[in-house]
Amino acid sequence: MVRRVLCYGWDSWEPWPYAYAMDYTPSRSKEGVSSDAWAEGAAAVIGRKELKEVRPLAVAVYAQLQQKAGAPLLRGLLKDDDPEVRAIAAAELARFKDDDSIDSIVASLEGKNDARWACSVIEAIDAWGEPRLAPALIAYLETGGLFGYSGDDFQVPALKAREALEKMTGATFPSDVESSRQAWKEAAQIEDAAERKTLLAKLLRMAPNPLKAEVIGDGDRQCLCKITNQSPRDITIGREPDLNFQDTPAGSGSSEGRAKKTRRKTSLS
């Protein structure tokens, strides 16, 4: 019942990041009740820790109703005990481009991110394009899992984070949180974007197109794929998101269609 009331207070359905696009605006208003009143109700739900299942939704509804005016409450939620509440608060503040919460967003996500809402956080940070939030994206570089897809756009946090980082910094990051974090810590000291990009390329040692694929066979039923890693770094290849992965050591090639070391795992690395 609480969930239904929260949804009705916004638009009779769940708001972003549960549903709808990030920039969607409801086409109708609730007669007789102001949005501030609905927002107060959502804030009351947020304050009830025993309502664990609906508190994250209440955060999303509150943010949609209050928009930037709700930033003060959302900033406080970046230290909440519930990782879902922290993640949605971080995503909403990034959506509002709230400059005062940048350091707190980074701190709220490092080492304790919530994978379910990872792609929403990444989407909001990517739309903002603020380089000071690069560490927040780096925190997701090893977060696997498939959380939806549209066509060939797979919602895999690690892949989305790499794409956003490349768009933001111009550098290709490996799926390694620790080495990426160390490289960014050094590069972040440089204000000039071009110089920072050059340094990152040296520190990360990632080739723009590290894999070379060749089809080997008789053109009929016998067909193998040879994949060569041209990068100086080890790379992990996934046949499908979050399913079968294979390691291809630096400078090596495999003509067997699968590497000698193949394993199942639940995260990209």
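This one's a predicted model, so the numbers in the text were calculated from it and none came from an experiment.
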Novice: Taking the side chain as everything from C-beta on, heavy atoms only, tell me whether Val156 gets closer than 4.5 Å to Arg162.
Specialist: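 No, side chains not in contact.
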Novice: Could you tell me whether Asp99 and Arg132 have a side-chain N and a carboxylate O separated by less than 4.0 Å?
Specialist: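 Yes, this pair counts.
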Novice: Is there a side-chain contact between Gln64 and Glu92 in this structure, where contact means two heavy atoms from C-beta onward sitting under 4.5 Å apart?
Specialist: yes
Novice: How about Ser120 and Ile88: do any of their side-chain heavy atoms sit closer than 4.5 Å?
Specialist: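 Heavy-atom side-chain distance check fails, nothing below 4.5 Å.
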Novice: Could you report the tightest heavy-atom contact between Ala58 and Ile46, atom names first, then the distance?
Specialist: CB-CG1, 3.7 Å
Novice: Identify the two heavy atoms, one from Leu203 and one from Ala183, that lie closest to each other, and give their separation to 0.1 Å.
Specialist: CD1-O, 3.6 Å
Novice: Just so I know, are the side chains of Leu77 and Arg86 near enough to count as touching, which here means a heavy-atom distance under 4.5 Å?
Specialist: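 A side-chain contact under 4.5 Å is absent here.
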Novice: Of all heavy-atom pairs between Ala164 and Leu137, which one has the smallest distance, and what is that distance?
Specialist: CB-CD1, 3.8 Å
Novice: Out of curiosity, Glu163 CD to Ile122 CD1, how far, rounded to the nearest 0.5 Å?
Specialist: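 Atom-to-atom, Glu163:CD and Ile122:CD1 are 9.5 Å apart.
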Novice: Mind listing the closest non-hydrogen atom pair of Pro56 and Asp82 along with its distance?
Specialist: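 Residues Pro56 and Asp82, closest heavy atoms: CG-OD2, 4.3 Å.
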Novice: Taking all heavy atoms of Ala87 and all of Val121, pick out the closest pair and write down the distance.
Specialist: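 Heavy atoms of Ala87 and Val121 come nearest at O-CG2, 3.4 Å.
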Novice: Supply the atom-to-atom distance Ile190 CD1 to Lys197 NZ, rounded to the nearest 0.5 angstrom.
Specialist: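 Ile190 atom CD1 to Lys197 atom NZ measures 14.0 Å (nearest 0.5 Å).
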Novice: Please walk me through it: do Leu73 and Gln66 pass side chain to side chain contact (heavy atoms under 4.5 Å, CB included)?
Specialist: CA-CA 10 Å; Leu73 186 147; Gln66 291 293 84; over 6 Å; no
Novice: Quick one: CG on Leu133 to CG on Leu165, what's the gap to the nearest 0.5 Å?
Specialist: 10.5 Å
Novice: Start with the C-alpha distance between Leu141 and Asp176, add both sets of side-chain angles, then the distance that settles side chain to side chain contact (heavy atoms under 4.5 Å, CB included), and finish with yes or no.
Specialist: CA-CA 6 Å; Leu141 286 174; Asp176 183 313; over 6 Å; no
Novice: How far does NZ of Lys79 sit from OG of Ser108, to the nearest 0.5 angstrom?
Specialist: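 Between Lys79 NZ and Ser108 OG, I get 10.5 Å after rounding to 0.5 Å.
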Novice: To the nearest 0.5 Å, how far apart are CD in Glu130 and CE in Met168?
Specialist: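 Glu130 atom CD to Met168 atom CE measures 7.5 Å (nearest 0.5 Å).
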Novice: Does any non-hydrogen side-chain atom of Lys68 lie less than 4.5 Å from one of Asp98?
Specialist: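 Heavy-atom side-chain distance check fails, nothing below 4.5 Å.
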Novice: With a 3.5 Å cut-off and no angle check, do the side chains of Glu178 and Gln182 form a donor-acceptor pair?
Specialist: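 The criterion, which ignores hydrogens and geometry beyond distance, is satisfied for Gln182 and Glu178.
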Novice: Which residues pass the salt bridge (Lys or Arg N to Asp or Glu O under 4.0 Å) test with Glu191, not counting sequence neighbours?
Specialist: none
Novice: Can you find a pair of side-chain heavy atoms, one from Thr169 and one from Trp184, that are under 4.5 Å apart?
Specialist: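 In contact.
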Novice: Sub-3.5 Å donor-acceptor pair from the side chain of Arg95 to the main-chain atoms of Ala124, do we have one?
Specialist: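 Judged by distance alone, no pair lies under 3.5 Å.
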Novice: Are the side chains of Glu84 and Val59 in contact, using a 4.5 Å heavy-atom criterion?
Specialist: no
Novice: Donor-acceptor check, side chain of Ser180 to backbone of Val177, threshold 3.5 angstrom: yes or no?
Specialist: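 Not at all, since once roles are kept as given, no pair shorter than 3.5 Å links the two residues.
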Novice: Closest approach of Ala42 and Val61, non-hydrogen atoms and distance?
Specialist: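 Smallest heavy-atom distance, with atoms named: CB-CG1, 4.3 Å.
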Novice: Using the test side chain to side chain contact (heavy atoms under 4.5 Å, CB included), find all partners of Glu214 that sit at least two apart in sequence or belong to another chain.
Specialist: Lys212, Lys226
Novice: If you define the side chain from C-beta out and look only at heavy atoms, does anything of Leu109 sit under 4.5 Å from Tyr140?
Specialist: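 Side-chain contact under 4.5 Å: yes.
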